[in-house]
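Shown next, in structure tokens, is the structure this report addresses.
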Amino acid sequence: MAIHASCHCGAIKFEVSEVPASVTACTCTFCTKRGALWAYYTPDQVKLSVTPEVDAVYSRRGFSKHHHCLVCGCGTFSVLPTWVDLKPDFEHPRTSVNVRLFDDFDIASLPVKTVDGRNLW
């Protein structure tokens with residue numbers, strides 16, 4: 001079942017190929033301030049439709065690219081490495097999407113896993 005999502009103004013849209021088994025609430029300072037709940041997919045499971053002039057990217061340490069809309073400010077998706085034994089695996093990237101942007105979907109039905117990002121990285 002494909003799920004459609006978009007930022008508030010619709011300039012950044014995406015579709016994921018399936019319902020996530022769970023979502024992640026990360027406690028790092030970035031995710032906490034952003035207020036996102038994340039679902040992780042391989043790049044081929046996400047179809048992006050991005051208006052380039054409004055897609056802004058934030059990257060604090062250079063290996064994760066966090067996208068947000070310059071028009072409405074919504075944090076939309078991130079492109080990041082897979083983590084193995086607390087080390088980044090750049091050969092197997094992931095796309096994390098903010099499930100709070102899912103259209104017509106009850107995110108409260110999904111289990112939430114909390115990751116202690118404040119103390120892990």
Side-chain angles (χ1 to χ4, degrees):
M1 171 182 137
I3 301 171
H4 298 271
S6 68
C7 64
H8 193 258
C9 72
I12 298 175
K13 298 177 184 176
F14 58 89
E15 176 184 312
V16 295
S17 61
E18 60 191 50
V19 174
S22 64
V23 295
T24 299
C26 178
T27 64
C28 77
T29 56
F30 178 73
C31 291
T32 300
K33 289 179 183 284
R34 187 172 244 196
L37 289 175
W38 301 108
Y40 300 92
Y41 295 91
T42 60
D44 63 324
Q45 293 177 297
V46 181
K47 292 180 186 172
L48 296 168
S49 175
V50 177
T51 304
E53 57 271 10
V54 300
D55 181 34
V57 180
Y58 171 73
S59 182
R60 182 174 173 207
R61 293 188 177 126
F63 55 81
S64 295
K65 310 286 189 231
H66 305 288
H67 294 255
H68 66 276
C69 179
L70 284 174
V71 177
C72 65
C74 288
T76 52
F77 68 98
S78 298
V79 178
L80 53 153
T82 299
W83 288 83
V84 179
D85 298 325
L86 299 177
K87 295 178 184 164
D89 176 0
F90 296 102
E91 298 298 316
H92 301 93
R94 296 187 298 169
T95 301
S96 63
V97 298
N98 183 354
V99 300
R100 293 191 187 275
L101 303 181
F102 284 3
D103 297 327
D104 303 316
F105 185 84
D106 180 19
I107 63 173
S109 66
L110 298 173
V112 178
K113 296 178 181 177
T114 300
V115 172
D116 185 13
R118 192 168 299 251
N119 294 305
L120 287 174
W121 33 82

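By convention here, the first residue in the shown sequence is residue 1. What you see is a predicted model; the values in this text were computed from it and never measured.
- Residues meeting the side-chain hydrogen bond (donor to acceptor under 3.5 Å, both in side chains) test with Asp44, sequence neighbours left out: Thr42.
- Across Gly117 and Cys26, no two heavy atoms sit closer than the pair CA-SG, 3.9 Å.
- For Thr29, the side chain to side chain contact (heavy atoms under 4.5 Å, CB included) partners two or more places apart in sequence, or in a different chain, are Arg118.
- Counting heavy atoms from C-beta on, the side chains of Ile107 and Leu37 come closer than 4.5 Å.
- Residues forming a ring pair (Phe, Tyr, Trp, His ring centres under 6.0 Å) with Phe77 (at least two apart in sequence, or on another chain): His67.
- Applying the side chain to side chain contact (heavy atoms under 4.5 Å, CB included) rule to Pro93 yields the partners Pro43; only residues at least two apart in sequence or on another chain are considered.
- Inter-residue side-chain proximity for Val97 and Val16 is flagged as met; some heavy-atom pair is nearer than 4.5 Å.
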Run Cys69 and Asp55 through side chain to side chain contact (heavy atoms under 4.5 Å, CB included) and show every step you take. CA-CA 5 Å; Cys69 179; Asp55 181 34; over 6 Å; no

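- Cluster membership check: Val19 shares its hydrophobic cluster with Leu101, using side-chain heavy-atom separations under 4.5 Å among Ile, Leu, Val, Met, Phe, Trp and Tyr.
- Partners of His66 according to the side-chain hydrogen bond (donor to acceptor under 3.5 Å, both in side chains) rule, which considers only residues two or more places apart in sequence or in another chain, are Ser78.
- Under the ring pair (Phe, Tyr, Trp, His ring centres under 6.0 Å) criterion, Phe102 pairs with Phe105, not counting sequence neighbours.
- Considering every non-hydrogen atom in both Ser22 and Lys113, the closest pair reads OG-CE, 3.4 Å.
- Nearest heavy atoms, Leu80 versus Ser64: CB-OG, 3.5 Å.
- In this structure the side chain of Thr27 never reaches within 4.5 angstrom of the side chain of Val115, judged on heavy atoms.
- In terms of heavy atoms, Ser6 sits closest to Lys13 at CB-CG, 3.8 Å.
- Contacts of Thr51 classified as side chain to side chain contact (heavy atoms under 4.5 Å, CB included), with partners at least two apart in sequence or in another chain: Ala11, Glu53, Val54.
- Among all heavy-atom pairs drawn from Val46 and Phe14, the shortest one is CG1-CB, 4.3 Å.
- In terms of hydrophobic clustering, with Ile, Leu, Val, Met, Phe, Trp and Tyr side chains grouped at heavy-atom distances under 4.5 Å, Trp83 and Tyr40 are assigned to different clusters.
- For Glu18, the side chain to side chain contact (heavy atoms under 4.5 Å, CB included) test picks out Tyr41, Gln45, with sequence neighbours left out.
- Residue Phe30 is found in a hydrophobic cluster whose other members, listed by chain and number, are Tyr58; membership requires side-chain heavy atoms under 4.5 Å apart, directly or through intermediates.
- For residues 92-110, the side-chain hydrogen bond (donor to acceptor under 3.5 Å, both in side chains) pairs, not counting sequence neighbours, are Asp89-His92.
- The two residues Pro20 and Leu110 make their nearest non-hydrogen contact at O-CD2, 3.3 Å.
- The only member of Leu48, Val50, Val71 that meets side-chain contact (heavy atoms from CB on, under 4.5 Å) when paired with Ile12 is Val50.
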